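Below is one structure, written out as structure tokens; the observations come after it.
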Amino acid sequence: MKLFEEPAPEALVVRVLPDQTGITKTFDYLVPPEWAGRVALGTRVRVQLGPRRVGAWVVDIDVEPPEGVALKPIAKISGQGPSGDVIGLAHWARWRWAARTPVPFLRTASPERMVTTLSSPGVRRHPVPPSDDDVIQGAFRRRPTVLRLPPAADVIPVVQAAASLGDPLVLCTSRSQSERVARRLDRAGVPTAHHPDGWGRAAAGGVAVVGTRAAVWATMPDLAAIVVLDEHDEVHQEERTPTWHLRDVALERARRAGVPCVLTSPMPSLEALEAAELVTLDRATERDGWPRVIVADRREEDLGRNALFSPALARLVRSDARVVCILNQKGRAVLLACGSCRDLARCTRCDASVQRPGDDHLVCRRCGDTRPVVCASCGSTQLKTVRMGVSRVRDDLEALAGEPVVEVTADRSDPVPDARLAIGTEAALHRIERADVVAFLDLDQELLATRYRAAEQALALVVRAARLVGGRHGSGRVLLQTRMPDHEVVQAALHGDPTLVSEAERIRRTDFRFPPVVAMAEVSGEAADAFAEQLRGAGHPQVDVVGPVDGRWRITAPDHERLCNALDAVERPPGRLRLVVDPTRS
DNA sequence: CGGACAAGCTGA
DNA sequence: CAGCTTGTCCGG
């Protein structure tokens, strides 16, 4: 018989965050003593929450549970999860993009399939020497930096410079780019894990981690440097809320880890120039990495029906060069045509063109009559959208060239046609890999677009085109047809000098108070008015609430610190609310 | 999120 | 007032 009660051994209590959108609270659970060694920060567990079992992350270890709550034990240990530093980063990102919970970030940071077995750390076959290019290696000595490399430059030396420091995290714009980078690292003797499939090997350390946007959330115990390739590329921003940007997460992760972060781009965004120190090559080398640019002033051409074809273009399409023509026809009617008989889909009642709002029916633009998705002439159900602009121009171009011109669509299931002459929207720039000439038939469509980032986006298209044709010493050409030959985008392309755009942009954004001169957010949805009112009522100094315009409120502040703190302090009203920090289309 | 339970609406 | 819908709250 015991004289004294033995003190209960201090049971381990962990705080978990359920993997459910809509639950923002954390809950505390007991860890059975036999599992104590298997539970760490980030571990994926299952717990009984009220009437059901849910997946969850351990977000805090050894916590003081609230009083008067009977703790339940964890039901199951499911697998490994993000490390503590990544969980901290997720909490920061929740604040930075005004999300309700860090759950979306933790999901991105977690392996796709449960990881239960430990991988062994990677071992390098031989060390990677520092780059002998002083500009490149030097970019890793200051932090953070944005390294401006022209479109034709090879980024592999940058990746190798990062690998010379230890385990690098390399963020790419596409799966194909990350595969290319991984192959080159592998050849250099660096074991490489591709995110997310290589999650477990990344978490074991000793490897380079390569991937697209989501890979910035990879768990890496010995992270030594971060490289973001093509920082200016819009694929780096998530389009669904929270609209987080790879550049900002990479910079914050590097800052927290105390490691260098190098952003590369031929035309760094103003955001990057604000946050990082600019490192450039000498002027001549940079210029040589941009292609030869021909500017055709459309004001000087006679404005007949072929106004889209300058004499320079006519000469090129009649040569034996492989020419890709780009024509964006924003705001023009998209028509539907039968995939088999090519007849235009029209209203069977009034003959006007029809739209396809969903998958299952057609609606007349004029009389509103609806009918099933069937071709009225041949009965086929395969209707395709035709870009009226491109199709018309394709016919005209064919007449000019005297040979076939193929249309390149954005449709990934269509094969990329192998023809000397092609035409398409900007999607063609993503689908074709090489050309002798890329011709922008109407660059003014891009230059005059109303989005505040239009100029950067236009130059980004020229960069894409430049990659298809190569640098100045090759035979490639980019042809810009424009009525604004003095526009800074045209001049920047012509001289291979992106500073012309960033300087003009900085002035414009300062004058009109657009990012990154201010931090901006947009609020819409049924609860937007209530949210805006509360925010206004809170009277945060220097936080401006303007609107609503088309049901959208615009909130600006001098910086994200003030903007996000203000957004975070608002108690969310009930009802649907869309809150976008750093909106791009404005 | 999804279940529990409470407060409102309808029909006899 | 039963029977159902709609809303609000809560979970460890």
Side-chain angles (χ1 to χ4, degrees), chain A residues 7-82 84 86-88 90-91 93-95 97-114 214 217 238-244 523-535 537 567-580:
Chain A
E10 281 298 310
L12 182 60
V13 178
V14 293
R15 191 153 290 166
V16 309
L17 176 65
D19 181 3
Q20 307 263 292
T21 40
I23 302 181
T24 55
K25 269 175 70 180
T26 54
F27 300 86
D28 295 345
Y29 286 83
L30 290 166
V31 179
E34 64 271 27
W35 288 353
R38 293 173 54 206
V39 175
L41 216 48
T43 304
R44 305 276 274 129
V45 293
R46 283 190 84 75
V47 294
Q48 191 74 34
L49 183 67
R52 68 219 151 97
R53 271 192 187 193
V54 296
W57 292 273
V58 174
V59 290
D60 229 328
I61 285 247
D62 204 11
V63 294
E64 195 64 46
E67 283 183 32
V69 184
L71 298 187
K72 293 180 181 171
I74 279 170
K76 188 183 171 216
I77 295 177
S78 312
Q80 295 183 63
V86 172
I87 292 174
H91 280 110
R94 184 215 63 77
W95 166 84
W97 283 280
R100 221 184 274 263
T101 90
V103 164
F105 301 108
L106 293 177
R107 281 186 185 155
T108 311
S110 299
E112 282 180 331
R113 275 179 289 275
M114 286 300 169
W217 298 98
E238 168 65 55
E239 60 271 275
R240 292 163 302 186
T241 52
T243 53
W244 60 279
V523 186
S524 57
E526 59 173 278
D529 293 2
F531 186 94
E533 201 170 305
Q534 274 198 57
L535 185 59
L567 295 175
D568 219 21
V570 176
E571 198 156 321
R572 304 235 176 164
R576 286 186 65 81
L577 186 75
R578 188 175 150 81
L579 181 44
V580 181

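No experiment lies behind these values; they were computed from the predicted model shown. Within every chain, numbering begins at 1; the chains are lettered A, B, ... in the order of the sequence lines, protein sequences first and strands thereafter.
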Measure [atom1]/[X] against [atom2]/[N] and give the value in whole Å, please.
X	N	atom1	atom2	value
A:Gln20	C:dC10	CD	P	18 Å
A:Arg572	C:dT8	CZ	C1'	19 Å
A:Asp28	C:dG12	CG	C1'	6 Å
A:Tyr29	C:dG11	OH	C1'	7 Å
A:Arg53	C:dG11	CZ	C1'	15 Å
A:Arg15	C:dG11	CZ	C1'	15 Å
A:Phe27	C:dC10	CZ	P	11 Å
A:Asp62	C:dG12	CG	P	21 Å

Scan A:Gly22 against the nucleic acid and name what it touches under 4.0 Å (heavy atoms): base, sugar-phosphate only, or nothing.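 Base contact.
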
So A:Pro66, base contact, sugar-phosphate only, or nothing? Heavy-atom distance under 4.0 Å.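 Since a base atom lies under 4.0 Å of A:Pro66, the category is base.
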
Heavy atoms, side chains only, cut-off 4.5 Å: are A:Leu106 and A:Pro82 in contact?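 Side-chain contact under 4.5 Å: yes.
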
With a 4.5 Å heavy-atom cut-off, do A:Arg100 and A:Leu579 have their side chains touching?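 They are not in side-chain contact.
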
Has A:Tyr29 got a side-chain atom pairing as donor or acceptor with A:Val58's backbone, closer than 3.5 angstrom?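 No; zero donor-acceptor contacts below 3.5 Å.
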
Under 3.5 Å: donor-acceptor pair, side chain of A:Gln534, backbone of A:Glu571: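 Flag set: sc A:Gln534 to bb A:Glu571 pair under 3.5 Å.
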
Hydrogens and angles aside, do A:Ser110 and A:Trp57 bring a side-chain donor and acceptor to less than 3.5 Å of each other?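 Yes, side-chain donor-acceptor contact under 3.5 Å.
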
Please verify the inter-ring angle class for A:Phe105 with A:Trp244; under 30° counts as parallel, over 60° as perpendicular, anything in between as tilted.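 A:Phe105 and A:Trp244: perpendicular rings.
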
From the 5' end of DNA chain B to its 3' end, which nucleotides mark the outer limits of contact with chain A, defined by a 4.0 Å heavy-atom distance cut-off (strictly under)?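 The protein-touched segment is B:dC1 to B:dG3.
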
